[in-house]
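Computed from a predicted structure; not experimentally measured. Numbering starts at 1 and runs along the sequence shown.
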Amino acid sequence: MKAYITKITYSLPETVEINEINRLTKKTGIYRRHICNSREIASDLAIKAANKLFDKGIDKTKIDFIILCTQSPDYILPTTACILQDKLGLNKNSGAFDFNLGCSGFVYGLGIAKGLIESGQAGYILLITAETYSKYINSRDNAVKPLFGDGATACLIESRKEEESGILGNVFGTDGSGAGKLIVPVGAMQERFGVPEKETTDKYGNIRTNYNLYMDGAAISQFALEVVPKTMKTILKKMNLSKTEIDYFVFHQANKFILEFLQQKCELLNCHFWNDASEYGNTVSSSIPIALTDLVQKEPVEKLEKVMLIGFGVGLSWAGCIVNLKLLRN
């Protein structure tokens, strides 16, 4: 039995923030972002995304595993995936766990789902990404506030009788020495809630505290430019494919500027390459599945049998694979 993506959808908060039209907005290509209200949390978005999937005719009784990728869980413990099992009314014989990963998280999740299905441990996996980074961002920090949006996605990965897997060429990478380049310092065991709040102002006038998200944008961009081309080449070599044989390239939708840079660096200017964060911003682990959902509205799945995905970011972490979307029906 082989693993295939058969359904995918997303859910966004109703509140929309419109970025001021300035040089930064035109450079990033991010014009609007969906932001959670004070009462909304990641599990709320996850439930909406999953129910949209069930509304497409999915029999929830068949689901035997739920995997949630999030860096903004409901609690330190218990696992939010366990809460989702109950609230979604899934079988109590289902496995459920969270994993904490950001922009590479969806690709990691696909690898985990592939392993569970193709080893015979599961047959119908609900892979959910849900993120509310806006709750970590200081409203006076214009270095990151215009970039990030909230959102959740739900993806059904099924066991199918096919000769070749629908998730192939998985590659992973980690450089933990860059952990401090994208971090929320306070909140877990290293620095627990209750430590003194320390406000800082950078040279551009952006204000944040140790309770807020910090990102070294230049370092993250340089990291992406180093690892993404290598990851692409590794996947192509592993699968014995050329760039021209890939139907579409869908990388983490960080912003228009970095994606254009990556397209040039990877020499993909003549290839089908997805670049559209204009309505969402950087939705972290949800960015690739949101892009895939939009992609299959534009292109017939028969033309999407070799789609390369590469995620990169917080960790520092990266991951890539090729997915065959021929069985995806939305």
Partner set under ring-ring contact (aromatic ring centres under 6.0 Å, His included) for [X], not counting sequence neighbours:
X	answer
Y31	none
F193	Y211
F257	F261
F273	F251

Item checked: Over all atoms of both residues, closest heavy-atom pair of I183 and G180 ->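 Shortest heavy-atom contact: CG2-O, 3.6 Å.
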Check: What's the shortest heavy-atom distance between P146 and N19, and which atoms?
Finding: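 For P146 and N19, the tightest heavy-atom pair comes out as O-ND2, 2.9 Å.
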Quick one: does any side-chain atom of [X] pair with a main-chain N or O of [Y] as donor and acceptor, under 3.5 Å?
X	Y	result
T28	L24	yes
S286	G151	yes
D44	I41	yes
Q263	L268	yes
K114	I167	yes
Q253	W274	yes
S221	G217	yes
N210	K198	yes
N212	I137	no
D98	A81	yes

May I ask you to check whether over 12 heavy atoms, not counting those of [X], lie within 6.0 Å of atom [atom1]?
X	atom1	answer
K26	NZ	no
E267	CD	no
Q297	CD	yes
N270	CG	no
E14	CD	no
K7	NZ	yes
N22	CG	yes

Group every Ile, Leu, Val, Met, Phe, Trp and Tyr by side-chain heavy-atom contacts under 4.5 Å, then state whether [X] and [Y] land in the same group.
X	Y	result
I8	I67	yes
L259	V314	yes
L68	I83	no
L328	I125	yes
Y248	I310	no

Margin query: Against R208, only a single residue in D141, T200, N138, T201 fulfils side chain to side chain donor-acceptor pair (under 3.5 Å); can you say which?
Written below: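 Exactly one candidate clears the test, D141.
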With sequence neighbours left out, which residue pairs that include part of [range] fulfil the ring-ring contact (aromatic ring centres under 6.0 Å, His included) condition?
range	answer
residues 4-26	Y10-Y280
residues 109-128	none
residues 46-68	F65-F97
residues 139-185	Y108-F172, Y133-F148

Notebook entry, point to check: Going through the distances and angles, do Q121 and L116 end up as a side-chain contact (heavy atoms from CB on, under 4.5 Å)?
Noted result: CA-CA 5 Å; Q121 298 181 74; L116 288 169; 4.1 Å; yes
Next item on the list: Under the salt bridge (Lys or Arg N to Asp or Glu O under 4.0 Å) rule, collect the residues that match up with E17, sequence neighbours excluded.
Entry: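 So E17 forms a salt bridge (Lys or Arg N to Asp or Glu O under 4.0 Å) with R33.
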Checklist line | Test log, rule side chain to side chain donor-acceptor pair (under 3.5 Å), inputs E40 and T132 | finding: CA-CA 9 Å; E40 282 181 303; T132 59; over 6 Å; no
Next item on the list: Apply the test side-chain contact (heavy atoms from CB on, under 4.5 Å) to residues K161 and M1: give CA-CA distance (whole Å), side-chain angles for both, the deciding distance (0.1 Å), then the verdict.
Entry: CA-CA 5 Å; K161 291 182 179 180; M1 303 299 284; 3.4 Å; yes
Does any donor atom in the side chain of [X] or [Y] lie under 3.5 Å from an acceptor atom in the other side chain?
X	Y	result
E118	S165	yes
S43	T80	no
T209	E199	no

Interatomic distance, [X] atom [atom1] to [Y] atom [atom2] [nearest 0.5 angstrom]:
X	Y	atom1	atom2	result
T70	I128	OG1	CD1	10.5 Å
L241	I235	CG	CD1	10.5 Å
N51	I58	CG	CD1	12.5 Å
D64	N93	CG	CG	9.5 Å
L269	K265	CG	NZ	13.5 Å
M232	I246	CE	CD1	9.5 Å

Next item on the list: Given side chain to side chain donor-acceptor pair (under 3.5 Å), test Q85 with S94 step by step and report yes or no.
Entry: CA-CA 8 Å; Q85 175 276 326; S94 302; over 6 Å; no
Notebook entry, point to check: side chain to side chain donor-acceptor pair (under 3.5 Å) between T15 and N37: does it pass, once the steps are laid out?
Noted result: CA-CA 7 Å; T15 301; N37 63 42; 5.3 Å; no
For residues 316-324, dump all side-chain donor-acceptor pairs below 3.5 Å to protein atoms at least two apart in sequence or in another chain.
residue	atom	partner	partner atom	Å
S317	OG	S104	OG	2.7
N324	OD1	K326	N	3.0

Check: Considering residues at least two apart in sequence or located in another chain, which fulfil the side chain to side chain donor-acceptor pair (under 3.5 Å) criterion with S139?
Finding: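 Checked S139 against side chain to side chain donor-acceptor pair (under 3.5 Å); zero matches.
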Checklist line | Any residue meeting side chain to side chain donor-acceptor pair (under 3.5 Å) with E305, in chain and number order, not counting sequence neighbours | finding: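 Expected list: none.
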Next item on the list: Using a strict cut-off of less than 4.0 Å between a Lys/Arg side-chain nitrogen and an Asp/Glu carboxylate oxygen, indicate whether R160 and E158 qualify as a salt bridge.
Entry: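 Salt bridge between R160 and E158, a charged N being under 4.0 Å from a carboxylate O: yes.
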Check: Does the distance from a Lys or Arg side-chain N to an Asp or Glu carboxylate O, for E162 and K2, drop under 4.0 Å?
Finding: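 No, this pair does not count.
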Check: Under 4.5 Å between any side-chain heavy atoms of V250 and M308, yes or no?
Finding: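 Answer no - side chains too far apart.
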